[in-house]
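So the structure is just underneath, and the comments pick up after that.
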Amino acid sequence: MSDFKIDIAPVQGHTDAAWRHFHQEIYGGAHDYYTPFIRLEKGEFRKHDLKDFLSDLNANHSVVPQVIFRDMTELKPLIDGLVSQGAKRIDLNTGCPFPLQTAKGRGAGFIANSEEYHKIPALLAEYPEVSFSLKMRLGFADPDEWRQVVDAIADMPLCHVTLHPRVARQQYGGDLYLDRFSDFIKECGHPVIFNGEIKTPGDISDIQVRYPEIAGVMTARGVLGRPSLVAEYEEGREWSREERIGKMLRFHRELLCHYENSLCGDSQILSKIKPFWEYAETEIGRKAWKAIRKASNMAKYHSAVAMVEQ
């Protein structure tokens with residue numbers, strides 16, 4: 001279907017404005033890129049969150065700011081602040097499984113606060129000029145927790161809902177609750193995007209065949225490990241390893257050059273560029289992957305990256 005879309009989910013410390021810019025420049029194909037979640041700290045926006053959203057590097061791709069919150073007293077100023085900065089699209093993160101956020105009632109922990117969840121529709125209705133979307137999991141500990149809030153979700157003015165069919169306690173392991181995903185599609189009242197275990201072009205095709213009614217898929221770790229994932233699907237063929245590695249190394253060179261021109265010293269540069277490879281062990285081989293992780297200065301890092309081509 002022509003309107004089937006592929007979105008790139010955010011990963012903290014990985015998919016910053018520079019990563020998104022050069023991924024779009026070299027590969028293209030993605031419909032929307034989402035910022036790492038934006039949150040309040042002591043009642044204020046964190047400066048680096050806004051800097052990422054407002055970066056000139058976003059000019060070549062569609063970027064959607066994603067917010068994370070524990071109640072309406074956090075969500076409203078987040079929306080107000082982003083609207084004041086020109087945001088026309090905002091994604092609500094109620095799916096982050098990380099304990100540092102769920103323990104505070106944010107992300108996938110927010111689903112337990114049913115009373116607060118049911119306040120979202122009225123708040124969003126105050127912003128008819130904004131297109132909202134929702135990212136979520138089935139629950140925090142129980143894959144049927146979504147049923148307690150699905151009526152609120154149906155009442156929200158959303159362009160779509162992105163659902164990862166796991167619970168927060170699973171993090172990124174364990175089985176997907178695909179039966180609950182099917183139930184959710186029928187009950188949520190909005191277009192649904194599938195998120196979870198999208199690692200190859202074949203995975204996208206399989207999900208599209210299994211759920212022909214979905215609006216698209218979202219990938220994060222999959223595209224970090226295989227940056228050509230979306231481009232391969234759009235071309236309708238799987239690239240050879242030589243093609244994938246060649247383009248991946250070009251992507252890496254562009255990103256590294258950017259960081260070398262904007263950061264100072266080996267430590268800063270390494271802290272930004274080494275995460276590029278974190279999910280790519282399968283793609284580049286364990287030997288090169290381990291050498292990159294161990295590299296303590298830029299000379300050792302370049303030697304490790306050279307192993308990827310062998």
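The structure displayed is predicted, hence computed values, not measured ones.
The ring pair (Phe, Tyr, Trp, His ring centres under 6.0 Å) pairs that include a residue from residues 118-138 number zero, where partners must be two or more places apart or lie in different chains. The salt bridge (Lys or Arg N to Asp or Glu O under 4.0 Å) contacts involving residues 295-304 comprise nothing, where partners must be two or more places apart or lie in separate chains.
In the hydrophobic cluster analysis, where Ile, Leu, Val, Met, Phe, Trp and Tyr join through side-chain heavy atoms closer than 4.5 angstrom, M136 is grouped apart from M218.
Not a single donor-acceptor pair under 3.5 Å links the side chain of R244 to the backbone N or O of R226.
Counting heavy atoms from C-beta on, the side chains of H164 and Q170 never come closer than 4.5 Å. With contacts defined as side-chain heavy-atom distances shorter than 4.5 Å, the pair I120/V149 does not qualify. Here the side chains of S228 and F251 are not in contact, with every heavy-atom distance at 4.5 Å or above. Considering only heavy atoms from C-beta on, Y301 comes within 4.5 Å of K274 through its side chain. Between L229 and P201, the closest side-chain pair of non-hydrogen atoms falls below 4.5 Å. Looking only at side-chain heavy atoms (C-beta outward), R89 and C159 come within less than 4.5 Å of each other. By the 4.5 Å heavy-atom criterion applied to side chains, M248 and Y27 are counted as neighbours.
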Could you list the donor-acceptor pairs under 3.5 angstrom formed by side chains in residues 100-113, with sequence neighbours left out?
unit_1, atom_1, unit_2, atom_2, d
T102, OG1, F98, O, 3.4
R106, NE, E74, OE1, 3.1
R106, NH2, E74, OE2, 2.9
N113, OD1, E116, N, 3.2

Counting only pairs under 3.5 Å, give me each side-chain donor-acceptor contact of residues 58-69, with atom names and distances, residues two or more places apart or in other chains.
unit_1, atom_1, unit_2, atom_2, d
N58, OD1, R20, NH2, 2.8
N58, OD1, H61, NE2, 3.2
N58, ND2, D52, O, 2.9
N58, ND2, F53, O, 2.8
N58, ND2, S55, O, 3.4
N60, OD1, H21, ND1, 3.3
N60, ND2, H21, O, 3.0
H61, NE2, R20, NE, 3.3
S62, OG, D32, OD1, 2.5
Q66, OE1, N93, ND2, 2.8
Q66, NE2, D91, OD2, 2.9

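E281 has no carboxylate O lying under 4.0 Å from a charged side-chain N of R293, or vice versa, which leaves the two without a salt bridge. Taking the charged nitrogens against the carboxylate oxygens, K119 and D71 have no contact shorter than 4.0 Å, which rules out a salt bridge.
Classified by interplanar angle (parallel below 30°, tilted 30° to 60°, perpendicular above 60°), the ring pair F194/F181 is perpendicular. Relative orientation of the Y233 and F4 rings is tilted, given thresholds of 30° and 60° on the angle between their planes.
Looking at residues two or more places apart in sequence or on another chain, you find no side-chain hydrogen bond (donor to acceptor under 3.5 Å, both in side chains) involving Q268. Residues that satisfy the side-chain contact (heavy atoms from CB on, under 4.5 Å) test with P191, not counting sequence neighbours, are H160, A215.
R241 contributes atom CZ, which lies 8.5 Å from atom CD1 of I284 (distance to the nearest 0.5 angstrom). Summarising the geometry, atom CG belonging to L134 is positioned 5.5 Å from atom CE belonging to M156; distances are rounded to the nearest 0.5 Å.
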